[in-house]
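Please read the structure below before turning to the comments.
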Amino acid sequence: MSGLVEMGKRAKVATLALSQAKTKQKNEALLALAERLVANTAVILAANEKDLAAAADNGVKDAMLDRLRLTAERVVDMAEGVKQVATLADPIGEVTHMWKNEADLTIGKQRVPLGVIGIIYESRPNVTVDAAVLCFKTGNATILRGGSEAFHSNIALVKIIRESLAASDFPADAVQILEDTSRETAQALMKLNAYLDVLIPRGSARLIQAVLENATVPVIETGTGNCHVYIDKEAQQEMATKIIVNAKASRPSVCNAAETLLIHEAVASAFLPSIIAKLREENVEIRGDEQVAAVVPDVIAATESDWETEFADYILAIKVVPSDDAAIAHINQYGTKHSEAIVTDNYFTSQKFLQQVDAAAVYVNASTRFTDGFEFGFGAEIGISTQKLHARGPMGLNELTSTKYIIYGEGQIRE
């Protein structure tokens with residue numbers, strides 16, 4: 001597609017200017033963008049209202065509408081994220097270590113931008129800003145392809161970003177967005193090897209799988225979140241209740257929300273009635289195994305598919321387990337290597353859980369909802385990687401860099 005190729009060419013040109021920019025210039029541009037976002041709140045919300053109306057007409061569930069919705073407070077939060085990125089150390093140009101070899105060459109390893117980053121994502125318009133500013137700070141140009149459900153919001157945000165970059169004497173083409181949200185254009189982006197250096201999908205399991213199967217551009221896989229909370233036999237009931245209610249009900253549509261509660265059989269009878277009552281106060285539907293039903297008879301019977309599902313909704317599966325080993329085995333079988341939590345007062349049990357659970361983020365006595373670039377102090381995130389190569393967990397500035405070796409000599413030749 002000629003339009004996409006032209007975008008790729010412009011992005012490549014923009015990377016040259018970005019690679020030469022000083023940290024102070026980039027930070028000033030980011031602070032100016034934060035101000036412009038807040039100043040354009042009314043414009044952003046008007047565009048978002050069009051997307052919300054279309055989504056409601058299409059029967060989108062409330063939990064997913066929340067994922068799409070922007071408010072004045074959320075615009076302020078986006079702007080705060082931009083400001084925080086401006087305060088973070090710039091990794092570009094950093095030499096991580098240097099040494100001398102036998103030929104007396106001085107060899108260093110330096111952080112450099114990845115280049116042009118393509119990002120395919122769904123629903124959440126805040127991703128537009130997060131992705132743009134993280135790529136910009138690390139000297140990367142980006143081509144965004146958002147979902148049709150957030151079309152108006154994304155277009156409005158990118159227009160503001162491009163205008164702000166131009167006003168700060170940076171190339172507007174450092175951030176571009178595909179206005180064609182068709183599957184064909186997305187697949188063309190996945191094969192834009194001549195211009196894209198890496199592709200990052202962020203969204204549903206179906207989207208991520210489609211990118212993995214079709215892309216010829218290198219991909220950083222961001223995972224879906226079939227996350228678990230395990231309540232150990234030595235957990236505090238009040239703490240356990242607060243954590244699971246927050247992990248499930250505070251924002252069920254996001255990838256760090258809990259989907260399954262595992263609870264040790266020694267405390268199931270004592271804990272489950274009040275935990276389920278609290279969850280139901282938040283309109284959470286409970287699907288439990290036979291042991292859960294023996295304690296709270298009116299739960300829906302859980303099926304095998306429930307253990308495998310990221311509901312992204314007010315639904316929670318609950319299973320009673322006989323031991324820590326059983327809980328860990330269940331998580332490693334059904335989890336998506338995103339975020340997992342244990343609630344326990346036993347230090348040794350917590351250490352066993354930390355060491356044996358295979359996930360990007362593993363918590364002791366805290367909600368899975370903290371797996372987020374802003375919460376981790378990254379200002380924003382490009383996504384949460386569940387793979388093990390290059391990056392894992394919330395991806396901030398460092399994860400958007402590569403390295404090159406820089407070598408200083410004094411006329412040496414290899415004999």
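Screening Arg202, Met395, His338, Arg392 against Ile384 for a side chain to side chain contact (heavy atoms under 4.5 Å, CB included) leaves a single residue, His338. When the options Arg10, Arg162, Arg145 are evaluated for a side chain to side chain donor-acceptor pair (under 3.5 Å) with Gln176, the one that passes is Arg10.
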Handout entry: Steps toward salt bridge (Lys or Arg N to Asp or Glu O under 4.0 Å) verdict (Asp232, Lys352)
Key = CA-CA 12 Å; Asp232 177 49; Lys352 177 181 179 180; over 6 Å; no

Handout entry: Steps toward side-chain hydrogen bond (donor to acceptor under 3.5 Å, both in side chains) verdict (Asp345, Gln236)
Key = CA-CA 7 Å; Asp345 281 347; Gln236 297 177 35; 3.2 Å; yes

Practice task
Step by step, work out the side-chain hydrogen bond (donor to acceptor under 3.5 Å, both in side chains) result for Tyr121 and Thr128.
Solution key: CA-CA 9 Å; Tyr121 58 106; Thr128 301; 2.6 Å; yes

Problem - Pair Lys159-Glu163, salt bridge (Lys or Arg N to Asp or Glu O under 4.0 Å): steps then yes or no - result: CA-CA 6 Å; Lys159 183 174 185 290; Glu163 288 172 351; 2.6 Å; yes

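Shown here are the salt bridge (Lys or Arg N to Asp or Glu O under 4.0 Å) partners of Glu259, two or more places apart in sequence or in another chain: Lys248.
Here Asp372 does not pair with Arg251 in a salt bridge; the nearest charged N to carboxylate O distance is not below 4.0 Å. Using a cut-off of 4.0 Å between Lys/Arg side-chain N and Asp/Glu carboxylate O, Asp90 and Lys137 are scored as not salt-bridged. Taking the charged nitrogens against the carboxylate oxygens, Lys233 and Asp324 have no contact shorter than 4.0 Å, which rules out a salt bridge. Taking a cutoff of 4.0 Å between a charged side-chain nitrogen and a carboxylate oxygen, Asp173 and Lys9 do not qualify as a salt bridge. The existence of a salt bridge linking Glu285 and Arg287 is confirmed by a sub-4.0 Å separation between a basic side-chain nitrogen and an acidic carboxylate oxygen. A salt bridge links Asp66 with Arg74; the closest basic N to acidic carboxylate O contact falls under 4.0 Å.
Counting only distance, with no hydrogens or angles, the side chain of Ser168 and the backbone of Ser164 share a donor-acceptor pair below 3.5 Å.
Other residues, nucleotides and ligands contribute only 12 or fewer heavy atoms inside 6.0 Å of the CD atom of Glu238. Within 6.0 Å of the CZ atom in Phe370, the count of heavy atoms belonging to other residues, nucleotides or ligands does not exceed 12.
Phe136 has its side chain within reach of Leu18: a pair of non-hydrogen atoms, C-beta onward, lies under 4.5 Å apart.
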